[in-house]
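Reading through the structure tokens given below for one structure.
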Amino acid sequence: MTPSTILILIIVYFGILFYISHRVSKKDYSNEAFFKANKNSKWYLVAFGMIGTALSGVTFISVPGEVGAASGEQFKYFQFVLGNAIGFIIVTKLLLPLYYRMNLTSIYGYIEQRMGTYSYKTAATIFLVSRTVSSAFRLYLVVIVLQRFVFDYYKVPFSLTVLISLLLIFSYTYRGGLKTIIITDTLQTFFLVTSVFLTIYFICDSLDLSAINAFNEVKNSNYSKIFFFDDFMTSKFHFVKQILGGIFVTIAMVGLDQDLMQKNLSCKNIQEAQKNMFTFTGIFVIINIFFLSVGALLYIYADKNGIAIPVDLITNKPRTDLLFPEIALNHLSIIPAVIFLLGIIAATFATTDSALTALTTSFCVDFLGMDKTENISKQNVIRKRHLVHLSFSALVFIVILIFNSINDSSVVGMIFKVASYTYGPLLGLYTFGLFQKSKKVNDKLVPIICLLSPFLTYLLNEYSQTLFWGYIFDNELIILNGLLTFFGLYLTSTKMNEKISF
């Protein structure tokens, strides 16, 4: 598949997104439409569209790549996915009803009413930093692929590729915001899901395998081990660590994250929002099984055809997250190549456009108070929103360039490592607010506690083998971070005369 063909495909793809954006936001580009989609989203569209937002290019490329990594990960990621599913159910039953009862635009409004202004600004800032960094990582992953297989051919600098990508996203989201994204993400998720199934079909066809034979080939391969119960103390793959990490990363990164919750809050009522989340959870688990299967089939295909794992051009280290694009674009026919490209673009841009909208919403509501503006369609307020949206696009651009200059590890591992440190204080804040209703925090000390907790978590993680009899943390590190925040809040709190009712 030539770079010119890929470039034409990208242009056509974004042409479709621009057309949808124009149609959706033509008559209504108010803040109400941008922030909440006028609270008129269909639950089934939200459920399907959230798949693309939750998965991203990380799942699309890194998860299949990690299946055959030298560390022996195989299907261990599915343990984490099962933890995710439990986490989604907890979010659905515990947090969504709270957000709907309080009629929130930004979910951090709960912290404001429960704990105070300093706590509120701290929670919103944690989200802004966390989502900016994680969105930059995710977009970085797909830009690497586009750079390597398309834009290097045209001698386009990496920085310009990133800039073009962000300008395209900004251009189709800045008017309609969430109202536009509900539709475009549905389309992009369709491309993503279709890509997964068709990729499996074309790899099986290349290997002359039927569906049953492919299942048996994966099952009997060295890539299909799911559950790891050995060596709880030192193995990062242990079932308990993965399940607990999956549960609490999901609660923090979904239930306490403005991005995915903003979509849920655009449904008409709590019943539709919960239907959306339950449906989404089922699809999420199933689609991850297929992503892992793609990974096993990719390595089987590579072994039989003598294809080596690509290496980083700078560090000369193996890059398992480039195996999928290497095979799809250079070793299969043009149709699977087109399908792969649509899938990775859909996965990553669905995540990034949603994140930029959520970042804009949080800053406009939590720091500029736009939800308190009487006339939310007022032109000067909308212009200010556009400026905020553009500013976050620029910030993501800068973070990607910084990350590109220092990255030397697996993208998927880096994202969850960062999330363990940045989302942990949010977990502690909400846990304290929900389960210590007779306690009042020292509002002015909350920012300090939320800064100290990640720092202490980092130190404990670095010296965990010495301090905890050889124990090695993985994704469950977020629990430690949340507990440190919780105890910090508890120790500095005072007893109230009456319990909080929300």
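Along the sequence shown, residues are numbered consecutively beginning with 1.
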Item to check | Tyr421 and its side chain to side chain donor-acceptor pair (under 3.5 Å) partner, picked from Thr457, Asn461, Asn481 | outcome: Asn461

Checklist entry - Between the side chains of Tyr44 and Asn276, does any donor sit under 3.5 Å from an acceptor? => result no

Checklist entry - Would the number of heavy atoms belonging to other residues, nucleotides or ligands and lying under 6.0 Å from NZ of Lys42 be above 12? => result no

Checklist entry - So do Leu167 and Ser393 actually touch side chain to side chain, heavy atoms under 4.5 Å? => result no

Checklist entry - For the residue pair Phe75 and Phe78, is the inter-centroid distance of their aromatic rings smaller than 6.0 Å? => result no

Checklist entry - Just how far is it from atom OG of Ser135 to atom CG of Leu395, taken to the nearest 0.5 Å? => result 10.5 Å

Side-chain donor-acceptor pairs under 3.5 Å in residues 9-19, sequence neighbours left out?
from, atom 1, to, atom 2, distance (Å)
Tyr13, OH, Gln188, OE1, 2.8

Checklist entry - What distance separates Phe392 CZ from Ser362 OG, expressed to the nearest 0.5 Å? => result 7.0 Å

Checklist entry - Quick one: does Thr431's side chain have a donor or acceptor within less than 3.5 Å of a partner on Gly428's backbone? => result no

Checklist entry - Is the gap between the ring centers of His389 and Tyr174 under 6.0 Å? => result no

Checklist entry - Using the ring of each side chain (for Trp, its six-membered ring), is Phe228 parallel, tilted or perpendicular to Phe237, with breaks at 30° and 60°? => result perpendicular

Checklist entry - In Å, rounded to the nearest 0.5 Å, how long is the span from CD1 of Ile90 to OG1 of Thr92? => result 9.5 Å

Checklist outcome for this item: Per side chain to side chain donor-acceptor pair (under 3.5 Å), Tyr172 is matched among Thr184, Thr180, Asp353 by Asp353

Item to check | Lys93 atom NZ: more than 12 heavy-atom contacts under 6.0 Å | outcome: no

Checklist entry - Would Lys36 and Thr105 count as having a side-chain donor-acceptor pair, cut-off 3.5 Å? => result yes

Checklist entry - Would the number of heavy atoms belonging to other residues, nucleotides or ligands and lying under 6.0 Å from CG of Asn216 be above 12? => result yes

Checklist entry - Can you find a side-chain donor-acceptor pair between Ser224 and Gln74 that sits under 3.5 Å? => result no

Checklist outcome for this item: Distance col, row Thr351:OG1 vs Arg131:CZ, nearest 0.5 angstrom, shows 8.0 Å

Next on the checklist: More than 12 heavy atoms of other residues, nucleotides or ligands under 6.0 Å from CD1 of Ile335: yes or no?
Outcome noted: no

Checklist entry - Between Phe290 and Phe197, does the ring centre distance come in under 6.0 Å? => result yes

Checklist entry - With side chains defined as the heavy atoms from C-beta onward, is the minimum distance between Met50 and Asp185 less than 4.5 Å? => result no

Checklist entry - Roughly how far, to the nearest 0.5 Å, is CG of Asp230 from NE2 of His238? => result 7.5 Å

Next on the checklist: Check the orientation of Phe280 and Phe284. Use parallel for under 30°, tilted for 30 to 60°, and perpendicular for over 60°.
Outcome noted: tilted

Item to check | Phe229/Phe239 aromatic ring centres below 6.0 Å | outcome: yes

Checklist entry - Ion pair present between Lys304 and Glu217, side-chain N to carboxylate O less than 4.0 angstrom? => result yes

Checklist entry - Would Tyr140 and Phe137 satisfy ring-ring contact (aromatic ring centres under 6.0 Å, His included), going step by step from the backbone distance to the final call? => result CA-CA 5 Å; Tyr140 168 77; Phe137 284 157; 7.7 Å; no

Checklist entry - What's the verdict on ring-ring contact (aromatic ring centres under 6.0 Å, His included) for Tyr108 and Tyr120, showing C-alpha distance, side-chain angles and the deciding distance? => result CA-CA 6 Å; Tyr108 308 114; Tyr120 170 46; 7.8 Å; no

Next on the checklist: Treating Asp257 as the side-chain partner and Asp259 as the backbone partner, does any N or O pair qualify as donor plus acceptor under 3.5 Å?
Outcome noted: yes

Item to check | Asn475 CG to Phe248 CZ distance, which is reported to the nearest 0.5 Å | outcome: 13.0 Å

Checklist entry - Do you see a donor-acceptor pair shorter than 3.5 Å between the side chains of Asn264 and Tyr99? => result no

Item to check | Within 6.0 angstrom of Phe190 CZ, more than 12 heavy atoms from elsewhere | outcome: no

Next on the checklist: Any non-hydrogen side-chain atom of Leu298 less than 4.5 Å from a side-chain atom of Thr199?
Outcome noted: no

Checklist entry - So, do Tyr110 and Tyr430 have ring centers that fall under 6.0 Å from each other? => result yes

